[in-house]
S.K.: 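Can you read through this structure? Questions will come right after.
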Amino acid sequence: MEKMSFLQKFNKLKRNKSFKYGIPFLILMVGGSFGLQEFTKIRYQFSKQQTVTPEELEEFGIAMKKREEVTIDKVYEKVKTLNLDDWENKRGPRPWEENFNTK
(Lines give C-alpha, C1' and ligand atoms only; values in the text may rest on other atoms or scores of the structure.)
Protein backbone atom coordinates (compact mmCIF):
# COMPACT_ATOMS: atom_id res chain seq x y z
CA MET A 1 0.00 0.00 0.00
CA GLU A 2 1.08 3.42 -0.84
CA LYS A 3 1.43 5.99 1.90
CA MET A 4 -0.81 9.01 1.56
CA SER A 5 0.81 12.38 1.65
CA PHE A 6 -0.34 15.01 4.11
CA LEU A 7 -2.11 16.95 1.37
CA GLN A 8 -4.08 13.88 0.29
CA LYS A 9 -5.10 13.15 3.88
CA PHE A 10 -6.20 16.74 4.37
CA ASN A 11 -8.25 16.72 1.15
CA LYS A 12 -9.96 13.51 2.23
CA LEU A 13 -10.67 15.01 5.66
CA LYS A 14 -12.06 18.20 4.06
CA ARG A 15 -14.72 16.17 2.28
CA ASN A 16 -15.90 14.64 5.56
CA LYS A 17 -19.15 16.34 6.67
CA SER A 18 -18.42 16.16 10.39
CA PHE A 19 -15.10 17.89 9.84
CA LYS A 20 -16.52 20.40 7.37
CA TYR A 21 -19.51 21.49 9.48
CA GLY A 22 -19.01 20.08 12.98
CA ILE A 23 -15.58 21.45 13.87
CA PRO A 24 -16.39 25.08 12.91
CA PHE A 25 -19.68 24.80 14.83
CA LEU A 26 -17.92 23.58 17.97
CA ILE A 27 -15.27 26.29 17.68
CA LEU A 28 -18.01 28.91 17.32
CA MET A 29 -19.91 27.62 20.37
CA VAL A 30 -16.89 27.41 22.64
CA GLY A 31 -15.39 30.69 21.41
CA GLY A 32 -18.75 32.44 21.69
CA SER A 33 -19.11 31.29 25.25
CA PHE A 34 -15.77 32.79 26.22
CA GLY A 35 -16.56 35.98 24.28
CA LEU A 36 -19.92 36.42 26.02
CA GLN A 37 -18.25 35.83 29.36
CA GLU A 38 -15.93 38.76 28.77
CA PHE A 39 -18.76 41.04 27.61
CA THR A 40 -20.87 40.26 30.68
CA LYS A 41 -17.89 40.97 32.94
CA ILE A 42 -17.53 44.40 31.38
CA ARG A 43 -21.28 45.01 31.58
CA TYR A 44 -21.51 44.24 35.28
CA GLN A 45 -18.31 46.10 36.02
CA PHE A 46 -19.72 49.37 34.69
CA SER A 47 -23.35 48.94 35.74
CA LYS A 48 -22.74 48.97 39.50
CA GLN A 49 -24.95 51.69 40.88
CA GLN A 50 -23.95 53.53 43.99
CA THR A 51 -26.57 54.06 46.64
CA VAL A 52 -26.99 57.53 48.07
CA THR A 53 -27.83 57.96 51.73
CA PRO A 54 -30.38 60.54 52.89
CA GLU A 55 -27.56 62.45 54.63
CA GLU A 56 -25.70 62.84 51.34
CA LEU A 57 -28.89 64.12 49.69
CA GLU A 58 -29.33 66.73 52.41
CA GLU A 59 -25.85 68.04 51.61
CA PHE A 60 -27.13 68.91 48.13
CA GLY A 61 -30.32 70.45 49.49
CA ILE A 62 -32.60 67.59 48.48
CA ALA A 63 -35.03 66.50 51.16
CA MET A 64 -36.46 63.02 51.08
CA LYS A 65 -40.07 62.44 51.96
CA LYS A 66 -40.46 60.05 54.89
CA ARG A 67 -42.66 57.07 54.24
CA GLU A 68 -45.60 56.49 56.49
CA GLU A 69 -45.82 53.19 58.18
CA VAL A 70 -48.37 50.88 56.58
CA THR A 71 -50.21 48.57 58.89
CA ILE A 72 -53.05 46.20 58.26
CA ASP A 73 -55.31 48.31 60.47
CA LYS A 74 -54.76 51.44 58.31
CA VAL A 75 -55.46 49.50 55.14
CA TYR A 76 -58.62 48.03 56.70
CA GLU A 77 -59.88 51.51 57.59
CA LYS A 78 -59.38 52.66 53.97
CA VAL A 79 -61.24 49.64 52.64
CA LYS A 80 -64.14 50.21 55.05
CA THR A 81 -64.76 53.66 53.55
CA LEU A 82 -65.14 52.27 50.01
CA ASN A 83 -68.66 51.97 48.66
CA LEU A 84 -68.83 48.54 47.06
CA ASP A 85 -72.60 48.47 46.55
CA ASP A 86 -73.03 51.45 44.21
CA TRP A 87 -70.72 51.09 41.27
CA GLU A 88 -71.13 51.35 37.55
CA ASN A 89 -69.47 49.12 35.02
CA LYS A 90 -67.79 51.32 32.41
CA ARG A 91 -66.75 49.51 29.27
CA GLY A 92 -63.46 50.60 27.74
CA PRO A 93 -63.11 51.12 24.00
CA ARG A 94 -62.28 48.13 21.87
CA PRO A 95 -59.29 48.40 19.50
CA TRP A 96 -61.55 48.44 16.46
CA GLU A 97 -63.78 51.13 18.01
CA GLU A 98 -61.09 53.64 18.97
CA ASN A 99 -61.01 55.49 15.63
CA PHE A 100 -64.79 55.81 15.36
CA ASN A 101 -65.52 56.84 18.93
CA THR A 102 -65.59 60.66 18.84
CA LYS A 103 -67.37 61.40 22.13
Side-chain angles (χ1 to χ4, degrees):
M1 258 202 174
E2 212 177 289
K3 288 189 176 181
M4 294 167 90
S5 69
F6 176 74
L7 190 57
Q8 288 173 335
K9 287 181 186 178
F10 184 71
N11 284 335
K12 185 177 178 183
L13 196 59
K14 261 190 355 187
R15 284 183 255 131
N16 188 350
K17 280 189 178 181
S18 63
F19 181 79
K20 190 175 183 181
Y21 299 111
I23 300 298
F25 178 75
L26 288 175
I27 290 172
L28 181 70
M29 290 295 112
V30 173
S33 172
F34 285 110
L36 284 174
Q37 183 180 8
E38 293 302 316
F39 280 121
T40 53
K41 257 191 232 177
I42 292 170
R43 176 180 160 206
Y44 287 118
Q45 178 184 357
F46 290 108
S47 71
K48 292 181 182 174
Q49 295 179 355
Q50 297 177 351
T51 56
V52 180
T53 63
E55 293 81 22
E56 291 173 342
L57 285 175
E58 288 174 3
E59 290 176 11
F60 294 109
I62 302 171
M64 286 188 65
K65 199 163 102 174
K66 295 195 179 188
R67 293 183 177 180
E68 18 175 292
E69 186 178 314
V70 178
T71 62
I72 197 163
D73 295 328
K74 289 181 182 178
V75 173
Y76 180 69
E77 291 300 321
K78 283 184 184 178
V79 170
K80 269 185 16 181
T81 61
L82 293 176
N83 186 1
L84 297 177
D85 294 327
D86 294 331
W87 59 276
E88 184 182 344
N89 188 14
K90 294 185 180 179
R91 182 175 161 260
R94 301 294 191 255
W96 56 88
E97 295 175 343
E98 285 185 33
N99 295 335
F100 301 111
N101 194 359
T102 57
K103 290 182 182 178

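For this chain, numbers begin at 1 and follow the sequence in order.
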S.K.: Can you give me every donor-acceptor pair (side chain of residues 52-63, partner residue at least two apart or in another chain, under 3.5 Å) with its distance?
M.R.:
from  : atom 1 : to    : atom 2 : distance (Å)
Thr53 : OG1    : Glu56 : N      : 3.4
Glu56 : OE1    : Thr53 : N      : 3.3

S.K.: With salt bridge (charged side-chain N to carboxylate O under 4.0 Å, His left out) as the rule and sequence neighbours excluded, what pairs involving residues 23-35 come up?
M.R.: none
S.K.: If the condition is side-chain contact (heavy atoms from CB on, under 4.5 Å), which residues does Lys9 pass it with, not counting sequence neighbours?
M.R.: Met4
S.K.: Below 3.5 Å, can you tabulate the donor-acceptor pairs from side chains in residues 16-32 to any protein atom, sequence neighbours excluded?
M.R.:
from  : atom 1 : to    : atom 2 : distance (Å)
Asn16 : OD1    : Ser18 : N      : 3.3
Asn16 : OD1    : Ser18 : OG     : 3.3

S.K.: Pairs in or reaching into residues 25-36: which pass salt bridge (charged side-chain N to carboxylate O under 4.0 Å, His left out), with residues at least two apart or in two chains?
M.R.: none
S.K.: Under the salt bridge (Lys or Arg N to Asp or Glu O under 4.0 Å) rule, collect the residues that match up with Arg67, sequence neighbours excluded.
M.R.: none
S.K.: Please set out all donor-acceptor pairs under 3.5 angstrom arising from side-chain atoms of residues 70-89, sequence neighbours excluded.
M.R.:
from  : atom 1 : to    : atom 2 : distance (Å)
Thr71 : OG1    : Lys74 : N      : 3.3
Lys74 : NZ     : Glu69 : O      : 3.1
Thr81 : OG1    : Lys78 : O      : 2.6
Asn83 : OD1    : Asp85 : N      : 3.3

S.K.: Has Glu38 got more than 12 heavy atoms of other residues, nucleotides or ligands less than 6.0 Å from its CD?
M.R.: yes
S.K.: Nearest 0.5 Å, please: how far is CD in Gln8 from NZ in Lys12?
M.R.: 10.5 Å
S.K.: Under the side-chain hydrogen bond (donor to acceptor under 3.5 Å, both in side chains) test, which residues partner Arg15, sequence neighbours left out?
M.R.: none
